[in-house]
Amino acid sequence: MRKKRILTWGLAIGICLILGACGGSGASDQKVYVGVTYYDQSDTFLSQLIPCFREQMDRLGDDGLDIAMTVREASGSQQTQDDQVRELINAGCNVLCVNLVDRTDPSEIIELAREKDVPIIFFNREPVTEDMQRWEELYYVGADARQSGVMQGELAAEMIRKNTRIDRNRDGRIQYVVLEGEPGHQDAIIRTENAVNTLKKNGIELEKLSYGIANWNRAQAQNRMMQMISQHPGKIELVLANNDDMALGALDAYLKLNFTETALPVFFGIDGTDVGLEAVRDGGLAGTVYNDKEGQAAAMAKLAAALVTGEGKEDISFKNKRYIYLPYSKVTSDNVDSYMGDTVKEKR
Ligand code: BGC
């Protein structure tokens with residue numbers, strides 16, 4: 001009898017210990033330690049996306065998750081970024097968010113992470129499909145480049161139809177130039193192609209005068225634009241830029257050359273960065289397309305937490321199982337206020 005009781009107690013204590021141990025290291029109690037590395041701190045869009053991501057991670061912390069985060073920037077060197085990933089993994093990060101320097105060269109990073117079983121969320125600079133297939137713990141958060149190009153084209157078409165003065169030489173065609181982002185970036189060529197095709201589909205006759213590659217950068221765009229203005233003096237009626245910084249660089253060139261307002265072309269950007277939105281509000285840019293950094297940051301934070309804790313992944317809607325694309329939206333002087341400052345945050 002006594003023996004039986006001891007056995008029962010022993011069994012009960014054993015079960016408690018096992019349950020206790022499981023409870024102690026329960027998935028949702030696990031610390032989420034995110035290692036972030038992004039391609040270059042001089043990039044305006046990234047310099048606003050990263051703080052948004054921090055804010056989203058802090059919110060998860062406020063909701064009771066144990067959160068830690070380390071951020072590195074790679075100053076445009078893939079080698080530096082590979083080293084940073086090694087360092088972040090050694091420091092104990094259990095999920096990585098990587099904005100690749102070279103979107104075609106993630107192999108070293110993927111190997112390092114796979115070896116230690118640390119999932120990677122790539123963001124903003126999309127790896128090619130073959131690389132994304134190297135391991136099932138690779139994810140991507142970004143936006144659909146095609147959509148941003150279409151929206152930019154629609155904005156421009158609408159403005160040209162409404163405002164006949166844009167066709168300054170009244171030849172029934174719009175003389176335009178394009179400022180392009182980094183060659184090889186998924187957002188550069190696709191944005192241009194779709195903006196131009198959308199304008200044509202909307203019945204706008206176009207004449208391409210020139211284009212310049214300005215690598216997303218305002219100062220480079222100003223230089224390229226100065227050259228294009230001198231090659232086609234007084235002729236350019238429309239500037240399509242792959243991002244706001246380059247649209248603003250183009251405007252800088254005209255202001256530097258003291259063009260009067262009536263002699264300016266119309267400028268369109270993409271991103272809705274703080275400076276971009278201000279320029280839309282003040283009339284410098286005719287419009288932009290909002291690249292939803294708050295939405296992207298929220299999706300990254302949610303996914304990072306889900307990958308570590310094992311909870312909440314079923315609430316996330318993926319495209320092709322491992323991709324999350326946030327929609328773009330059109331911004332003009334009519335709705336720009338709702339995108340600015342606190343209003344943007346309140347929208348979420
Ligand atoms: C943004 C650019 C940015 C680039 C960096 C693009 O999606 O529109 O402004 O420079 O990403 O990768």
Side-chain angles (χ1 to χ4, degrees), residues 36-53 72-78 81 97-106 121-128 140-153 155 178-195 212-222 224 239-251 267-280 285 287-297 299-300 323-331 339:
V36 183
T37 161
Y38 66 107
Y39 89 107
D40 200 330
Q41 65 180 352
S42 69
D43 186 284
T44 308
F45 179 70
L46 264 305
S47 70
Q48 293 181 7
L49 171 62
I50 299 295
C52 276
F53 181 56
R72 297 278 177 261
E73 74 84 31
S75 301
S77 156
Q78 191 55 61
Q81 188 165 60
C97 291
V98 178
N99 172 247
L100 286 165
V101 175
D102 180 350
R103 63 182 278 263
T104 64
D105 189 16
I121 303 168
F122 292 105
F123 63 102
N124 169 264
R125 297 163 76 86
E126 185 174 338
V128 297
Y140 179 71
V141 175
D144 172 18
R146 198 194 55 84
Q147 187 188 36
S148 55
V150 169
M151 286 185 172
Q152 189 184 56
L155 282 173
V178 177
L179 280 163
E180 279 183 2
E182 261 174 291
H185 191 296
Q186 82 279 347
D187 288 340
I189 302 213
I190 299 179
R191 283 179 178 169
T192 307
E193 274 174 10
N194 283 284
I213 294 174
N215 298 305
W216 308 122
N217 180 281
R218 184 167 178 161
Q220 287 185 35
Q222 180 181 332
R224 297 287 101 80
V239 177
L240 297 172
N242 286 167
N243 77 347
D244 285 355
D245 262 18
M246 295 190 294
L248 290 167
L251 176 60
F267 303 86
F268 289 90
I270 292 177
D271 274 345
T273 55
D274 292 349
V275 274
L277 293 176
E278 275 161 28
V280 172
L285 299 188
T288 188
V289 178
Y290 199 73
N291 195 353
D292 184 6
K293 57 183 184 307
E294 289 82 8
Q296 292 161 29
M300 286 160 63
Y323 291 79
I324 303 174
Y325 294 109
L326 275 292
Y328 285 98
S329 53
K330 295 184 214 172
V331 188
Y339 284 85

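When a ligand or atom number is given, it counts from 1 through the structure's own listing order. Note: hydrogens, waters and symmetry copies are ignored here, and every other heavy atom, side chains too, is used.
Closer than 4.0 angstrom to ligand 1 by heavy atom are Y39, D43, F45, L46, N124, R125, H185, D187, R191, W216, N243, D271, N291, sorted by chain and number.
When only modelled atom types and interatomic distance are considered, Y325 and E126 share a side-chain donor-acceptor pair under 3.5 Å. With hydrogens and angles left out, the side-chain atoms of D102 and Q81 include no donor and acceptor closer than 3.5 Å. Inspection of the Q220 and N215 side chains reveals an N or O donor paired with an N or O acceptor under 3.5 Å.
The main-chain N or O of A74 is never found under 3.5 Å from a side-chain atom of S77 such that the two would form a donor-acceptor pair.
Heavy-atom neighbours of I189 CD1 from other residues, nucleotides or ligands within 6.0 Å: at or below the threshold of 12.
Take E180 and apply the side-chain hydrogen bond (donor to acceptor under 3.5 Å, both in side chains) test, not counting sequence neighbours, and it matches T192.
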